Visitor: 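Following this message is one structure expressed as structure tokens.
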Amino acid sequence: MAKKPANKSQIEYKGPNTISKSTSSGSVGKLLFVFAILGGLLAFYVYKVVTTPPDLPKYDVNNWWGPYPIDQQKDVSIRPFKIEFSDVIVNDLRERLMHRRPFVPPLEGTGFDYGFNSNFLGQVLHYWENKYNFKDRQNFFNKFDHYKTNIQGLDIHYIHVKPKVSADIEVLPLLMLHGWPGSIREFYELIPKLTTPRPGDNFVFEIIAPSLPGFGYSQSPARKGFGPVETAVLMSNLMKRVGRTQYYIQGGDFGHVIGSTMATLFPEQILGFHTNMPVNTSPVAMFYLWLGSLWPSMLVEHEVQDRVYPLREHVARLLQETGYLHLQATKPDTLGISLTDSPAGLAAYILEKFSTWTNPEFINASDGRLLDKFQLTHLLDNVMMYWAPNSIATSIRTYAEIFSTRTLTMRLDDIPTDVPTWGIKFKHELLFFPDCLLRLKYKNYLHSTMVEEGGHFAAFEMPDVMAKDIFEAVKTFREFHGNERTPSPKDKRIKTIYDFTVKDLSGKEIKLEKYKGYVVLIVNVASQCGLTDTNYKQLNELYEKYSDKGLRILAFPCNQFGGQEPGSAEEIFKFISNRGVKFDIFEKISVNGENAHPLWQFLKNSQSGMIGDFIKWNFSKFLVDRNGVPVDRFAPTVSPLDLESYLVKYL
Ligand SMILES: *[C@@H]1O[C@H](CO)[C@@H](O)[C@H](O)[C@H]1NC(C)=O
Ligand SMILES: *[C@H]1O[C@H](CO)[C@@H](O)[C@H](O)[C@H]1NC(C)=O
């Protein structure tokens with residue numbers, strides 16, 4: 001036994017020897033060189049293929065999706081429609097609920113972690129059968145005006161709310177797109193908030209909220225191939241039918257996918273896209289997201305890194321929550337049969353999502369904490385939007401079309417759009433993408449609102465937060481269209497740092513006009529950072545050397561990076577006195593997030609970072625010229641003395 005390895009190593013030893021005898025070292029070099037070139041070319045090719053946007057997918061705006069034969073005489077008028085929970089529907093439903101078989105009890109100690117808890121489902125079904133007031137709910141649904149109209153062979157159902165307001169208030173059309181397993185019901189609390197004028201805003205919305213084809217009361221396509229592009233075309237045709245050629249879009253979940261596709265195909269129609277599921281699933285973005293595991297702060301601000309990293313944990317949650325997706329994308333009709341036949345199965349299947357997609361922590365509770373955030377009546381309303389029109393089977397086919405090879409090869413997320421886009425990111429949303437990756441797709445991604453609670457069904461769960469955010473987004477979209485060239489669409493009047501006022505360490509207001517005519521270096525500082533020593537020392541040196549040539553240094557203490565500037569104003573003052581700091585130090589501020597100081601917002605908008613605009617760490621530096629315009633930005637690791645060569649250009 002001991003001999004064998006020795007033998008082996010002899011043989012191995014011979015190999016290279018033989019080669020080096022028969023080949024000169026020069027040709028090995030040549031060979032390596034050729035490989036390097038080929039490798040480089042291959043890498044470049046892959047890079048090119050991945051980063052070159054594909055062509056816009058082809059589509060036919062008149063394609064017929066109804067049953068054949070095509071009916072050229074089809075009635076294309078707009079017909080009023082009412083939702084009806086008829087006696088036939090209600091009696092049949094009650095009958096089924098009454099005669100269901102007993103459920104197998106849940107395992108000891110399980111909540112929703114094995115799926116919908118069958119004990120709790122018993123209570124839900126009892127309520128549905130005995131307490132849910134079908135007549136009341138029918139009236140509730142009909143409190144908005146509903147319509148149907150035939151588009152491309154399909155009868156499409158939608159809510160249309162036209163607000164009545166005084167002449168000085170502008171009415172803006174907003175297309176609201178629901179997802180799966182949601183419905184138009186998700187928007188009922190939100191709609192009145194969008195159609196009522198708000199103090200300070202001179203506009204309200206006219207709401208068009210369709211049931212997507214195959215969902216709710218909208219007819220389902222009769223044949224394969226009705227994917228996101230075809231849905232987007234049909235929705236655009238619906239908007240034309242109601243007389244709107246330019247409008248805003250709000251969407252989440254599948255509504256995001258359709259909204260995003262419409263923004264890609266019809267940028268001239270979409271004035272702005274508001275999404276509560278801002279994602280970019282292009283391979284490049286996914287690759288960066290994965291790469292970000294190595295150095296999260298390159299991609300994501302420190303405060304929200306836990307929304308996506310460690311990636312392993314988030315992928316684990318995704319796997320746990322998306323088994324349904326695989327099934328729906330591959331064998332929708334098998335699933336559709338059972339859900340169509342059983343209200344118990346349907347309620348469990350749909351409502352399970354409202355538990356763990358709203359908050360992953362709900363998973364261990366025996367009631368999935370469904371009633372923490374929603375009322376049972378409201379949840380069952382949403383189930384009724386699948387039960388009454390018998391649309392669950394057709395709704396889940398959508399997944400087979402989204403994840404078909406045909407749709408995936410269109411690479412829709414690789415085609416950029418200029419439509420101004422605004423995201424709101426709720427804490428427990430299933431997917432999180434940093435702004436810099438969203439910008440790869442949405443060239444005018446204007447803003448992310450960060451919400452420290454809330455989940456996937458945001459319109460339903462937090463209508464107030466959503467309404468406020470939609471108003472703010474559209475206000476910004478309007479400013480954007482007013483003047484596209486300004487660096488900060490949020491405040492287009494502001495062009496120089498002289499428009500800002502800051503506070504010094506004693507709290508006194510200082511107008512930055514004071515620095516007119518000087519070259520200004522603006523830095524965020526921290527007393528306890530690893531970079532503190534070099535930076536303070538070198539900033540001082542820099543100041544001493546160039547102050548009489550017109551340099552001013554403005555330092556802003558900030559505690560947002562690992563809590564390295566915890567002190568009070570007095571402590572900071574003591575710290576800088578001890579170091580003989582000669583340049584100007586101001587009050588402690590935030591540089592990132594909702595409460596970031598406006599001056600810093602402006603700086604960040606004017607000079608983007610390498611990846612993402614936010615400030616990565618203590619001692620980021622902005623250089624402002626003698627006219628008050630930010631002209632350059634430097635990373636924390638660039639030490640102040642390295643800046644000399646840049647400074648002198650402006651001094
Ligand atoms: C649920 O319970 C399991 C096992 O008891 C535990 O490991 C897990 O952390 C719990 N999850 C949550 C979100 O509370
Ligand atoms: C900022 O300060 C911390 C703590 O001293 C240090 O660990 C970190 O390296 C500094 N930042 C950078 C980008 O070096």
Side-chain angles (χ1 to χ4, degrees), residues 103-125 179-182 186 252-253 256 276-279 281 286 289-290 292-293 296 299-328 344-345 347-376 378-380 382-383 423-434 448-463 465-466 593:
F103 297 137
V104 175
L107 289 177
E108 278 174 26
T110 53
F112 265 47
D113 44 333
Y114 272 54
F116 204 105
N117 187 292
S118 57
N119 286 342
F120 183 60
L121 184 62
Q123 295 174 39
V124 171
L125 300 183
W180 189 94
E186 288 178 272
D253 191 85
H256 161 87
N276 57 299
M277 198 181 76
V279 300
T281 55
M286 303 290 245
L289 202 64
W290 170 77
S293 305
L299 285 184
V300 197
E301 295 166 81
H302 185 266
E303 303 90 88
V304 291
Q305 264 168 32
D306 63 349
R307 289 195 183 193
V308 56
Y309 298 115
L311 208 51
R312 196 171 5 91
E313 284 172 19
H314 289 269
V315 170
R317 180 187 177 206
L318 264 189
L319 281 180
Q320 178 158 22
E321 294 301 333
T322 52
Y324 82 100
L325 184 149
H326 194 164
L327 197 49
Q328 294 184 180
Y349 194 71
I350 290 183
L351 296 185
E352 176 218 288
K353 309 291 181 240
F354 283 77
S355 161
T356 44
W357 291 5
T358 297
N359 189 333
E361 284 173 13
F362 291 176
I363 197 165
N364 287 338
S366 58
D367 60 357
R369 292 176 62 183
L370 269 176
L371 306 184
D372 276 25
K373 298 284 189 167
F374 307 106
Q375 295 179 30
L376 197 44
H378 298 176
L379 290 168
L380 288 169
N382 185 60
V383 178
I424 179 165
K425 299 177 178 175
F426 289 87
K427 170 94 176 165
H428 305 299
E429 181 55 278
L430 294 160
L431 295 166
F432 176 92
F433 281 80
S448 284
T449 303
M450 302 301 295
V451 188
E452 285 307 320
E453 51 184 326
H456 187 72
F457 304 97
F460 202 28
E461 182 190 351
M462 310 190 80
V465 175
M466 279 286 268

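Indexing begins at 1, ligand by ligand and atom by atom, following the structure's order. Only a predicted model underlies this, so the values are computations on that prediction, with no experimental measurement involved.
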Visitor: Does an N or O anywhere in Asn364 fall below 3.5 Å from an N or O of ligand 1?
Guide: yes

Visitor: Going by a strict under-4.0 Å cutoff (protein heavy atoms only), does atom 5 (O) of ligand 1 have a neighbour on the protein?
Guide: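 It does not: no protein heavy atom is found less than 4.0 Å away from atom 5 (O) of ligand 1.
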
Visitor: For Asp367, does its backbone N or O pair with a side-chain atom of Asn117 as donor and acceptor, under 3.5 Å?
Guide: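 No, because the side chain of Asn117 does not come within donor-acceptor range (under 3.5 Å) of the backbone of Asp367.
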
Visitor: Under the 4.0 Å line, does any protein heavy atom show up next to atom 11 (N) of ligand 1?
Guide: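 Under 4.0 Å from atom 11 (N) of ligand 1, at least one protein heavy atom found.
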
Visitor: Measure from the side-chain N and O atoms of Glu429 to the backbone N and O of Met277, and report whether any donor-acceptor pair falls under 3.5 Å.
Guide: no

Visitor: What's the separation between atom CG in Leu379 and atom CD1 in Ile350, rounded to the nearest 0.5 Å?
Guide: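 One finds 10.5 Å between CG of Leu379 and CD1 of Ile350.
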
Visitor: For Glu452, I'd like to know if atom CD has over 12 heavy atoms of other residues, nucleotides or ligands within 6.0 Å.
Guide: yes

Visitor: Which residue holds the protein heavy atom closest to atom 13 (C) of ligand 1, what is that atom called, and what is the gap in Å?
Guide: Glu361 CA, 3.7 Å

